[in-house]
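Residue numbers begin at 1 in each chain, while the letters A, B, ... track the order of the sequences.
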Amino acid sequence: MTRDDINRFFGTELLAWYRRERRDLPWRRSRDPYHIWVSEIMLQQTRVDTVIPYFERFMARFPTVGSLAEAPEADVLKAWEGLGYYSRARNLQAAARQVAELHGGAVPRDKAAVSALKGVGPYTAGAILSIAYDLPEPAVDGNVMRVLSRFYNLDDDIAKPSVRVGMERLAQELIPEGEASSFNQALMELGALVCTPRSPGCLSCPVMEHCAGRLAGRERELPVKSKAKPPKPVHRLAVLIEGEGEWAGRVLVRRRPAEGLLAGMWELPHVEAPNESVWSSGDDAPVWLAGALAAEGLSVKAQQHVASAEHVFTHLHWFVRVWSAELAGSPETEVYRWIDRADFERLAWPKVFKTLLGAYFSQERNIG
DNA sequence: AATCCGGGGCG
DNA sequence: CGCCCAGGATT
């Protein structure tokens with residue numbers, strides 16, 4: 001068979017398989033470009049099963065581009081709580097405002113205009129244009145690179161940005177005439193359901209017959225992907241301060257800055273320890289904690305270690321020890337706030353603090 | 001090209 | 001429970 005024959009085989013069999021096996025997903029019940037767009041942003045780095053309930057709630061709360069554009073940012077962030085990569089939510093709302101103002105509320109259907117939207121890169125632009133408008137643009141994500149690496153037995157390191165460009169050319173060539181929407185979804189669906197990262201289901205694969213990677217016995221070693229460096233350990237000390245008198249039943253928390261790590265989210269007051277030994281020392285930790293917090297405008301007296309938790313990012317690994325403390329003076333900056341259980345449920349928290357405070361508010365004010 | 005952004009699932 | 005997975009923005 002020629003290369004063209006193989007490519008045609010791939011497209012035909014993949015489309016036939018997709019028509020039989022495609023999952024019934026909420027965003028597949030509509031071709032509204034806004035629905036496709038929101039789903040694609042949510043699906044970045046996030047699994048389908050996780051996204052489904054978020055997508056349903058998001059669409060109920062922000063049914064149109066205009067409603068998203070006009071909403072308070074805090075509402076959008078709250079709707080995103082737990083999904084991670086919170087800049088996606090802020091970019092999505094900024095882009096909704098772009099669409100409302102520049103395109104009369106209609107998601108544009110040309111590549112330059114879609115790619116100019118905040119949070120829309122090469123993959124998402126291709127996904128929107130192909131899935132919503134059936135334009136023959138490639139939508140190359142990690143699934144697609146894995147499927148193509150295996151089917152064509154390619155050794156290129158998919159961690160390298162330059163490799164994605166080559167994959168896009170290949171993926172575009174493969175799109176059967178007039179079938180961009182189904183084909184691109186089929187390619188990703190195969191990667192999600194059959195051609196999975198660690199244990200590919202070759203025996204149920206519609207294109208196994210001509211899969212060069214499988215024929216070479218290499219399906220488990222492809223795609224080639226260089227490793228990222230491990231997250232850097234960071235030791236942090238946090239305080240749990242319970243209110244008294246007028247603030248009884250409340251806990252002192254603060255809001256993170258509007259930019260950077262976990263932008264705009266809420267947390268227990270905490271500081272970085274200079275090293276692991278101070279962090280773990282029952283004598284040194286409370287002294288360091290009080291000193292460092294005082295420098296941030298919060299005078300406290302740390303009492304005892306009440307809980308530990310970890311939070312792993314791509315590049316950082318937080319080890320957090322929580323100390324109970326009492327306030328030695330009123331907070332000097334406006335980032336601090338006394339919250340009760342209802343506030344806790346309304347505000348957006350990184351997972352580590354949501355877990356700690358959730359335990360506190362549900363277990364009779366006991367954080368452990 | 002390298003680094004900064006979370007969270008979840010699999011073996 | 002260690003290891004793997006993975007788009008876009010920024011620099």
Side-chain angles (χ1 to χ4, degrees), chain A residues 36-54 77 79-95 98 114-128 131 137-150 156-165 167-168 171 184 188 191-193 195-201 220-234 256-267 309-318 320 348-355 358:
Chain A
I36 307 296
W37 173 24
V38 171
S39 72
E40 289 299 340
I41 299 294
M42 287 186 171
L43 287 163
Q44 290 170 5
Q45 325 310 82
T46 313
R47 307 175 65 86
V48 164
D49 289 345
T50 305
V51 166
I52 289 173
Y54 282 90
L77 203 57
W80 211 268
E81 183 190 61
L83 263 186
Y85 287 96
Y86 299 96
S87 65
R88 290 185 298 171
R90 288 181 298 123
N91 285 336
L92 178 59
Q93 189 183 32
Q98 288 178 275
V114 175
S115 302
L117 299 176
K118 292 257 194 262
V120 176
Y123 163 73
T124 308
I128 293 169
I131 298 173
E137 294 289 339
V140 173
D141 67 353
N143 285 313
V144 173
M145 289 199 282
R146 185 172 60 253
V147 170
L148 296 180
S149 293
R150 286 176 178 160
D156 307 86
D157 180 358
I158 64 166
K160 296 190 182 306
S162 59
V163 170
R164 199 205 70 240
V165 177
M167 294 275 181
E168 284 173 342
N184 283 352
M188 292 186 272
L193 299 182
C195 197
T196 52
R198 283 190 267 187
S199 48
R220 281 172 177 274
E221 58 192 75
L222 293 174
V224 173
K225 190 181 178 193
S226 53
K227 286 191 187 69
K229 67 175 190 181
K232 177 180 149 197
V234 175
R256 297 184 62 86
E259 301 202 336
L261 185 68
L262 301 169
M265 302 191 81
W266 292 80
E267 64 184 10
E310 295 182 26
H311 198 59
V312 182
F313 304 84
T314 314
H315 56 303
L316 295 175
H317 189 150
W318 280 2
V320 182
W349 308 85
K351 185 169 182 179
V352 60
F353 294 111
K354 184 163 177 112
T355 304

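Contacts of R146(A) classified as side chain to side chain donor-acceptor pair (under 3.5 Å), with partners at least two apart in sequence or in another chain: N143(A). Under the side chain to side chain donor-acceptor pair (under 3.5 Å) criterion, S149(A) pairs with no residue at all, not counting sequence neighbours. Residues passing the side chain to side chain donor-acceptor pair (under 3.5 Å) test with E40(A) are Y123(A), sequence neighbours excluded. Remark: K351(A) pairs with H311(A), T355(A) by the side chain to side chain contact (heavy atoms under 4.5 Å, CB included) rule, at least two apart or across chains. Remark: Q98(A) engages A95(A), L117(A), K118(A) in a side chain to side chain contact (heavy atoms under 4.5 Å, CB included) (not counting sequence neighbours). Remark: S226(A) pairs with D157(A) by the side chain to side chain donor-acceptor pair (under 3.5 Å) rule, at least two apart or across chains.
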Summarise protein proximity over nucleotides 2-11 of chain B in one line of letters, 5' to 3': B for base, S for sugar-phosphate only, - for none, counting protein heavy atoms closer than 4.0 Å.
-> --SBBBSBBS
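Of all nucleotides in DNA chain C, those with any atom nearer than 4.0 Å to a heavy atom of chain A start and finish, going 5' to 3', at dC4(C) to dA9(C).
Applying the salt bridge (charged side-chain N to carboxylate O under 4.0 Å, His left out) test to every pair with at least one member in residues 80-92 of chain A, sequence neighbours left out, gives these pairs: K78(A)-E81(A), E81(A)-K354(A).
Counting non-hydrogen atoms under 4.0 angstrom, T124(A) reaches the backbone sugars and phosphates but no base. Residue R90(A) is classed as having no contact, given no heavy-atom separation below 4.0 Å to the nucleic acid.
Taking the P atoms as reference points, dG11(B) lies 14 Å from dA6(C), given to the whole Å.
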